[in-house]
Amino acid sequence: MKVLVTGGTGYIGSHVVVELLNQGYEVEIIDNLVNSKITVLDQIEKITNKKPIFHQIDLLDKPVLEQIFTNSHFDLVMHFAGLKAVAESVEQPLRYYNNNLTGTINLLECMENHHVYNLIFSSSATVYGNPGIPEYTENLETGHNISSSYGKTKYMIEEILKDLAIANPNFNIIALRYFNPIGNHPSGLIGEDPNGIPNNLMPYIMKVAKGELPELSIYGNDYSTPDGTCRRDYIHVVDLAKGHLSAIDALESGFKAYNLGTGSPVSVLEMVQTFEKINGKPLPHKFSPRRAGDLPEFWANPSLANRELNWQTTLTTEDAFRDTISFIEHQ
Ligand code: WQD
C-alpha cells in the first residue's frame with residue numbers, strides 16, 4: 001500500500017512514518033517545513049533503512065498538490081499537517097483557520113478528484129472543549145467551549161469529514177483524538193524539538209534539563225486534584241504512532257473517532273518527580289499562578305480504541321523521559 005503522509009517530518013508524523021516503513025508500506029511525505037526540519041528524513045532513513053519520497057509543498061498550493069495526486073496513486077492518506085500552537089492560534093485566528101481548514105479542504109478535494117477515499121486524521125482531545133467531566137468517551141458532544149482557534153480548527157475539520165462521509169459513502173475516515181503526546185523514538189534520532197520557548201510541559205522540562213531555560217514554572221498547585229497540580233493523559237508518541245497503524249485495518253465506510261490515550265492521568269508534579277528519578281538529579285521548578293484556559297484534569301477512556309482497533313498503550317512516562325533524554329544526547 002502507498003500512503004501519503006502530510007506533515008510527515010513533524011513530531012507525530014515522523015514517528016508514524018517510521019512505523020509505516022517498518023511495516024512495509026510505501027510512504028510519500030508532504031510538508032512545508034514550517035515547524036520541522038528536512039534532516040528528519042535522514043534520521044528516518046537511519047532508523048528504517050528506507051528514505052520516503054519527500055515533497056516540500058504547502059497544502060495551500062492546490063495546483064502543486066493536485067500534481068502530486070496525478071503523479072502517484074495513493075491507497076491511504078494520513079493527515080498531520082497543520083499549525084498547532086495553542087496560544088499563537090488565539091493571537092492569529094485567520095492564519096490558523098486559513099492554514100488548517102483551507103489546507104485540509106484542498107487535500108480532501110484532491111483525494112475525491114483522484115478517488116482516494118481512505119483517510120486517517122490527526123485530531124485532538126481539545127475537540128471535547130470543557131465537558132465538565134474528566135474522563136472522555138467518544139460519544140461526548142464535541143465543539144462546546146473550545147478555548148483556542150487551534151482547537152476549533154480540529155473540531156471544524158472533524159465536522160467537515162463527517163459531512164463528507166455522508167455526502168460520499170466511498171470515504172472511509174477515522175479521526176484519532178490524541179491526548180498529551182510525549183517522548184520520542186527510543187533510537188533518540190527523532191523527537192519533539194520545538195523552536196523557541198515551548199508551551200507544552202515535556203519540551204519545557206527538556207529545555208530546563210539542558211540548561212537552556214532556568215526553571216520550570218508549574219502553572220497552579222491549587223486545583224482540586226490529589227496534589228493540587230493539573231492532571232493529563234500523557235501518551236508515549238510511539239504508542240500513539242502504532243495506533244495509526246492499527247486504525248488502517250479498521251477503516252470502513254463513514255466517519256469514526258477514537259481516543260488515543262493511556263486512560264491513566266498523571267499530575268504535573270508527578271511528571272517532574274518522575275523526570276528527576278529518571279534523570280538522577282533535581283529539576284529546578286517553582287509553583288506559579290494558573291495558566292488561563294487550563295482544565296484541572298482530563299484523560300481518555302481508551303476502551304473503544306482498545307476494542308475496535310485492537311490497540312492499547314504499553315509504554316510509560318518513565319519510558320518517555322528515558323527516550324527523550326536519549327534524544328537530547330543525540331543532538
Ligand atoms: C500540560 C500541563 C499545564 C507547561 C496541549 C494542547 C492540546 C494538545 C496537547 C495538540 C498543564 C502544565 C505546561 C509549563 C506547566 N496539543 N504546564 N508548565 O495544555 O494539556 O494540551 O497540548 O493537540 O491541544 O492544548 O498540554 O503540555 O501545554 O500542559 O505547568 O511550562 O502542564 O498547566 O496542566 P495541554 P501542556
Side-chain angles (χ1 to χ4, degrees), residues 7 10-13 35 79-90 96 100 121-130 134 136 142-143 145-158 175-183 192 194 196-210 212-237 240 243 257 259-262 265-275 283-300 317 320-321 324:
Y11 173 43
I12 312 292
N35 194 27
H79 179 32
F80 300 92
L83 295 172
K84 65 165 190 172
V86 171
E88 183 184 65
S89 79
V90 175
Y96 270 69
N100 292 4
F121 171 58
S122 167
S123 191
S124 167
T126 199
V127 303
Y128 292 110
N130 181 359
Y136 294 175
T142 57
N145 306 315
I146 297 175
S147 59
S148 71
S149 299
Y150 157 74
K152 287 173 187 167
T153 65
K154 288 297 186 184
Y155 163 70
M156 291 174 184
I157 292 168
E158 284 200 5
L176 298 176
R177 295 170 178 167
Y178 310 161
F179 281 69
N180 288 61
I182 58 169
E192 189 174 21
I197 296 182
N199 294 309
N200 292 139
L201 177 65
M202 191 73 158
Y204 203 106
I205 287 176
M206 290 305 128
K207 294 247 185 209
V208 173
K210 287 196 286 187
E212 292 176 13
L213 290 170
E215 67 179 343
L216 171 74
S217 292
I218 296 180
Y219 298 137
N221 65 331
D222 58 350
Y223 287 97
S224 54
T225 58
D227 64 18
T229 65
C230 291
R231 295 205 291 173
R232 294 290 185 272
D233 186 330
Y234 295 100
I235 175 172
H236 195 297
V237 69
L240 185 68
N259 291 338
L260 294 191
T262 66
V266 176
S267 78
V268 180
L269 193 55
E270 286 169 330
M271 289 291 276
V272 171
Q273 291 163 344
T274 301
F275 177 76
L283 182 86
H285 64 276
K286 65 178 178 182
F287 294 110
S288 302
R290 296 180 175 190
R291 179 174 69 175
D294 276 344
L295 296 179
E297 55 185 359
F298 61 87
W299 59 87
T317 52
F321 279 119
T324 304

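Everything numeric here is computed off the predicted structure, so don't read it as measured data. Atoms within a ligand are numbered from 1 in the order they appear, just like the ligands themselves.
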**Q** For ligand 1, which atoms have a heavy atom of Thr126 less than 4.0 angstrom away?
**A**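 Near Thr126, meaning under 4.0 Å from one of its heavy atoms, ligand 1 has 24 (O).
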**Q** Please determine, by modelled atom types, if Glu158 and Ser123 share a side-chain donor-acceptor pair under 3.5 angstrom.
**A**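 The criterion, which ignores hydrogens and geometry beyond distance, is satisfied for Ser123 and Glu158.
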**Q** Have Ser122 and Tyr178 got a donor and an acceptor in their side chains that come within less than 3.5 Å?
**A**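 There is such a pair (donor and acceptor under 3.5 Å, judged by atom type) between the side chains of Ser122 and Tyr178.
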**Q** If you have a sec, work out which protein heavy atom is nearest atom 26 (O) of ligand 1 and how many Å separate them, to one decimal?
**A**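 In this structure, atom 26 (O) of ligand 1 has Asn180 ND2, 3.1 Å as its nearest protein heavy atom.
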**Q** Which residue and atom name correspond to the protein heavy atom nearest atom 27 (O) of ligand 1, and how close is it?
**A**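 Its nearest protein heavy-atom neighbour is Leu201 N, 2.8 Å.
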**Q** Check whether any side-chain heavy atom of Asn35 lies under 4.5 Å from a side-chain heavy atom of Leu83, and answer yes or no.
**A**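 A side-chain contact under 4.5 Å is absent here.
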**Q** Which option, Asn200, Ile12, Val272, owns the non-hydrogen atom nearest atom 5 (C) of ligand 1?
**A**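 Considering heavy atoms of Asn200, Ile12, Val272, the nearest to atom 5 (C) of ligand 1 sits in Asn200.
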**Q** Just jot down the ligand 1 atoms closer than 4.0 angstrom to any heavy atom of Leu216, in number order.
**A**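 Atoms satisfying the 4.0 Å criterion: 14 (C), 18 (N), 31 (O).
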**Q** Write down the atom of Ala209, the atom of Leu283, and the distance for their closest heavy-atom approach.
**A**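 Nearest pair, atom of Ala209 first, then Leu283: N-CD1, 4.0 Å.
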**Q** Among all the protein's non-hydrogen atoms, which is closest to atom 16 (N) of ligand 1, and how far away is it?
**A**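 I find the closest protein heavy atom is Tyr150 OH, 4.3 Å.
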**Q** What atoms of ligand 1 come within less than 4.0 Å of a heavy atom belonging to Val268?
**A**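 Those of ligand 1 that fall under 4.0 Å from Val268 are 2 (C), 12 (C), 30 (O), 32 (O), 34 (O).
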**Q** Polar contacts were defined as any N/O atom of the residue lying under 3.5 Å from an N/O atom of the ligand; does this apply to Cys230 and ligand 1?
**A**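 No; the residue has no nitrogen or oxygen that sits under 3.5 Å from a nitrogen or oxygen of the ligand.
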**Q** Heavy-atom contact check, 4.0 Å cutoff: does Lys84 meet ligand 1?
**A**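 In this structure, Lys84 fails to qualify as a contact of ligand 1 - no heavy atom is under 4.0 Å.
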**Q** Of all the atoms in ligand 1, which lie at a distance below 4.0 Å from a heavy atom belonging to Ser124?
**A**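 Counting atoms of ligand 1 from 1, those under 4.0 Å from Ser124 are 23 (O), 24 (O).
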**Q** For the residue pair Arg177 and Tyr128, would you count it as a cation-pi contact if the rule is NZ or CZ under 6.0 angstrom from the ring centre and within 45 degrees of the ring axis?
**A**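 Yes - Arg177 lies over the ring of Tyr128, closer than 6.0 Å to its centre and within 45° of its axis.
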**Q** Looking at Val86, which atoms of ligand 1 are within less than 4.0 Å of one of its heavy atoms?
**A**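 In order of number, 6 (C), 25 (O).
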**Q** Any idea which protein heavy atom is nearest atom 33 (O) of ligand 1, and the distance to it?
**A**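 Sorting protein heavy atoms by distance from atom 33 (O) of ligand 1 puts Asp294 OD2, 2.6 Å first.
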**Q** Around atom 19 (O) of ligand 1, find the nearest protein heavy atom and jot down its residue, atom name and distance.
**A**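 Scanning the protein heavy atoms, the shortest distance from atom 19 (O) of ligand 1 goes to Arg291 NH2, 2.9 Å.
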**Q** For atom 18 (N) of ligand 1, which of the options Ser288, Ala125, Ser217 provides the nearest non-hydrogen atom?
**A**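 Among Ser288, Ala125, Ser217, the closest heavy atom to atom 18 (N) of ligand 1 belongs to Ser217.
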**Q** Under 3.5 Å, is there a donor on one side chain and an acceptor on the other for Tyr150 and Glu88?
**A**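 The criterion, which ignores hydrogens and geometry beyond distance, is not satisfied for Glu88 and Tyr150.
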**Q** Tell me: protein heavy atom nearest atom 2 (C) of ligand 1, and distance?
**A**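 Of the protein heavy atoms, Tyr234 OH, 3.6 Å lies nearest.
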**Q** Under 4.5 Å between any side-chain heavy atoms of Pro226 and Arg231, yes or no?
**A**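 SC-SC contact between Pro226 and Arg231 confirmed.
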**Q** Donor-acceptor pair, distance only, cut-off 3.5 Å: does the side chain of Ser288 make one with the backbone of Ser217?
**A**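 Not at all, since once roles are kept as given, no pair shorter than 3.5 Å links the two residues.
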**Q** So is there a nitrogen or oxygen of Tyr204 less than 3.5 Å from a nitrogen or oxygen in ligand 1?
**A**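 No, since none of the N or O atoms of Tyr204 sits under 3.5 Å from an N or O of ligand 1.
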**Q** Going by the atom numbers of ligand 1, which of them fall below 4.0 Å from some non-hydrogen atom of Ile218?
**A**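 Those atoms are 30 (O).
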**Q** Do Tyr136 and Asp233 come close enough that some side-chain heavy atom pair is under 4.5 Å?
**A**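 Tyr136 does not reach Asp233 side chain to side chain.
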**Q** Provide the closest heavy-atom pair for Pro198 versus Tyr204 in the form atom of the first, atom of the second, distance.
**A**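 In this case the closest contact between Pro198 and Tyr204 is O-CD1, 3.4 Å.
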**Q** Counting only N and O atoms by type, is there a donor-acceptor contact under 3.5 Å from the side chain of Ser149 to the main-chain atoms of Ser89?
**A**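 Indeed, once roles are kept as given, a pair shorter than 3.5 Å links the two residues.
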**Q** Can you check whether Glu192 reaches Val237 side chain to side chain, under 4.5 Å on heavy atoms?
**A**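 No, their side chains stay 4.5 Å or more apart.
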**Q** Please list the nearest protein heavy atom to atom 30 (O) of ligand 1 with its residue and the distance rounded to 0.1 Å.
**A**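 Here the nearest protein heavy atom works out to Tyr219 N, 2.9 Å.
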**Q** Could you tell me the residue and atom name of the protein heavy atom closest to atom 20 (O) of ligand 1, and the distance to it rounded to 0.1 Å?
**A**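 Nearest protein contact, heavy atoms only, for atom 20 (O) of ligand 1 is Arg232 NE, 2.7 Å.
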**Q** Nearest heavy atom to atom 4 (C) of ligand 1 wins, so pick from Leu213, Asn199, Asn221, Ile182.
**A**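 Nearest option to atom 4 (C) of ligand 1, by heavy atoms: Asn199.
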